[in-house]
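Model, not experiment: these values are computed from the prediction. Reminder, nothing fancy here: chain letters follow the sequence lines and each chain counts from 1.
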Amino acid sequence: MQPRGGDMPTLGLLQQIEKDFGSFTNFKEKFTEAALTFFGSGWVWLVLKREAKCLAIIKTSNSINPLVWNDIPITSLDMWEHAYYLDYRNDKAKYVNTFMNHLVSWNAAAVRMVRAQAFVNLGEPKIPVA
Amino acid sequence: MVANAVTGIAAPLKCALFPCQGFQGSTRRLQWRKNERQCARKAGHGVITAKFDLKPPPYQLDALEPHMSHETFEYHWGKHHRAYVDNLNKQIAGTELDGMTLEDIVFVTYNKGDLLPPFNNAAQVWNHDFFWESMKPGGGGKPSGELLDLINRDFGSFEEFVEEFKRAATTQFGSGWAWLVYKANRLDVGNAVNPRPSDEDKKLLVVKSPNAVNPLVWDYFPLLTVDVWEHAYYIDYQNRRPDYLSIFMDKLVSWEAVSSRLKSAKAEATEREIEEQRKRKEEEEYGTANSEAVEMYLENDDSEAD
């Protein structure tokens, strides 16, 4: 997260999201849905899957994180109740929307994405032929 | 526990969802209900609209102040518990589960640990009903009579029981519940892995469970519970779960409720034992008959027999 976060990713990260989710809007919907259908304590993640070489949204319980599956976390949202109860009480939807629109740091996500590409080959860039 | 009226069943019943021979211990209870349903199926033409209601706690929402605030109840009962009830009703409407009792829905949807979607809502409805009834204004103190005797017998002393209960509640990582239960089952519980198989039967135990799981699925008799989902204590105690638990034990527990549940549990356990003895006797008697008789039973072996 970051102060005045939210908005949209740009450049390579945006392209990858569009490739793997169709559009940024679709990604946002899916991420929100994952958070709102969460039961119990845990986390929602945007990860870069090492084997499948694509971005995915995953949910984990309690303290589990994607490192245990050797995947690379790009961003995450804490869905333990202690993360939002003081500010939002039971209004998960408000918490999640606030995170997506005002808190998520796409800068941090972009940095992680760039670093991740040192380990995961996402394919050749398209170089125009003269 | 919430009761609901069954008037008739329209939807066809799927065999796969119902506990069959695997439920040795609790078959008695469920088979009876299964027969009831079969009768209803032959008789009924109407569509059920059995619904669960949000049952209020047996006291005003501010009655447990300052230990558990009115605000906590507004959210915990008024929003969380209400949402579980509403969502459960939506999930079961028009399905085989519609018309079943809450406990049966919990059993069936636990599905040996491979949870079916309505389980979380059903179990949480049951858990919260049970939790409100585990507390009372001016609660706390010590139990008495047979309950205290059993606590002393099975934990050493009341203080040791309190320590163990608080320890279980504190160490439940993530969301969940801590329970005092009466264990009166055999090793094989059918639907789930018995978490304390080596412990003798007919004794009190402390167990903990994650998320919505409750001891009904282990065929234990719940006697007391405390909710350790963060929403239960965050408004009043923030992250201070141990403080919440101390106040719960000192000021909120309704030992009358626990005693009364113990009485029912023992009665049911005894009933079950008598039933099992009767069955075993029957089997013995048939066993002494000649072999042709046995073969006849095998050929006609429907759902009638165990």
Side-chain angles (χ1 to χ4, degrees), chain A residues 1 26 28-47 56-71 73-104, chain B residues 69-88 90-91 109-110 113 115-125 127-128 171-177 208-214 227-244:
Chain A
M1 295 185 284
N26 190 40
K28 205 170 163 189
E29 257 175 47
K30 289 282 182 297
F31 194 87
T32 304
E33 192 195 328
L36 294 182
T37 55
F38 204 99
F39 190 75
S41 307
W43 303 77
V44 183
W45 307 83
L46 173 63
V47 294
I57 295 170
I58 63 170
K59 307 200 286 206
T60 60
S61 256
N62 289 355
S63 57
I64 301 182
N65 69 43
L67 299 177
V68 307
W69 299 301
N70 208 24
D71 287 332
I74 303 297
T75 197
S76 72
L77 174 57
D78 190 345
M79 292 309 295
W80 281 67
E81 287 174 326
H82 65 234
Y84 57 87
Y85 222 78
L86 293 177
D87 296 331
Y88 299 93
R89 293 290 188 263
N90 70 318
D91 197 346
K92 282 203 299 207
K94 196 160 169 222
Y95 166 61
V96 176
N97 286 329
T98 303
F99 173 81
M100 295 306 292
N101 295 325
H102 300 288
L103 294 174
V104 64
Chain B
S69 66
H70 185 184
E71 191 186 353
T72 292
F73 271 98
E74 271 176 18
Y75 284 96
H76 200 178
W77 175 78
K79 297 191 195 263
H80 288 274
H81 192 181
R82 189 185 301 276
Y84 293 132
V85 171
D86 292 344
N87 290 332
L88 176 65
K90 282 189 220 148
Q91 276 178 315
T109 55
Y110 183 73
L115 312 180
L116 302 177
F119 176 80
N120 284 337
N121 288 318
Q124 284 292 80
V125 172
N127 296 341
H128 283 89
T171 57
Q172 176 52 38
F173 188 69
S175 307
W177 304 76
K208 58 189 182 188
S209 61
N211 289 358
V213 177
N214 65 40
D227 188 352
V228 290
W229 280 65
E230 287 169 331
H231 65 234
Y233 59 90
Y234 234 73
I235 294 177
D236 297 332
Y237 299 91
Q238 292 78 58
N239 67 320
R240 301 187 308 275
R241 200 194 279 193
D243 288 349
Y244 161 63

Trainee: At a 4.5 Å cut-off on heavy atoms, which part of A:Tyr85 comes close to chain B: side chain, backbone, both, or neither?
Mentor: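 Interface part for A:Tyr85: side chain.
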
Trainee: OH of B:Tyr234 to CG of A:Asn90: how many Å apart, nearest 0.5 Å?
Mentor: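 One finds 16.0 Å between OH of B:Tyr234 and CG of A:Asn90.
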
Trainee: Between A:Arg89, A:His82, A:Glu81, which is the residue that forms a side-chain contact (heavy atoms from CB on, under 4.5 Å) with B:His231?
Mentor: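 In the set A:Arg89, A:His82, A:Glu81, the residue that makes a side-chain contact (heavy atoms from CB on, under 4.5 Å) with B:His231 is A:Glu81.
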
Trainee: Can you tell me which portion of B:Glu74 sits under 4.5 Å from chain A's heavy atoms? Options are side chain, backbone, both or neither.
Mentor: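 When you check distances to chain A, no heavy atom of B:Glu74 falls under 4.5 Å.
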
Trainee: B:Phe173 pairs by side-chain contact (heavy atoms from CB on, under 4.5 Å) with which of A:Ser63, A:Ser41, A:Ser61?
Mentor: A:Ser63

Trainee: Taking side chain as everything from C-beta outward and backbone as N, CA, C, O, which of these in B:Ala83 sits under 4.5 Å from a heavy atom of chain A? Side chain, backbone, both or neither.
Mentor: neither

Trainee: Could you list the residues that satisfy side-chain contact (heavy atoms from CB on, under 4.5 Å) with A:Ser76, not counting sequence neighbours?
Mentor: A:Trp43, A:Trp45

Trainee: Flag the pair A:Phe39 / B:Gln124 as yes when at least one side-chain heavy-atom distance between them is below 4.5 Å, and no otherwise.
Mentor: yes

Trainee: Just to verify, what does B:Arg240 make a side chain to side chain donor-acceptor pair (under 3.5 Å) with, not counting sequence neighbours?
Mentor: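 For B:Arg240, the residues satisfying side chain to side chain donor-acceptor pair (under 3.5 Å) (neighbours in sequence not counted) are B:Gln238, B:Asp243.
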
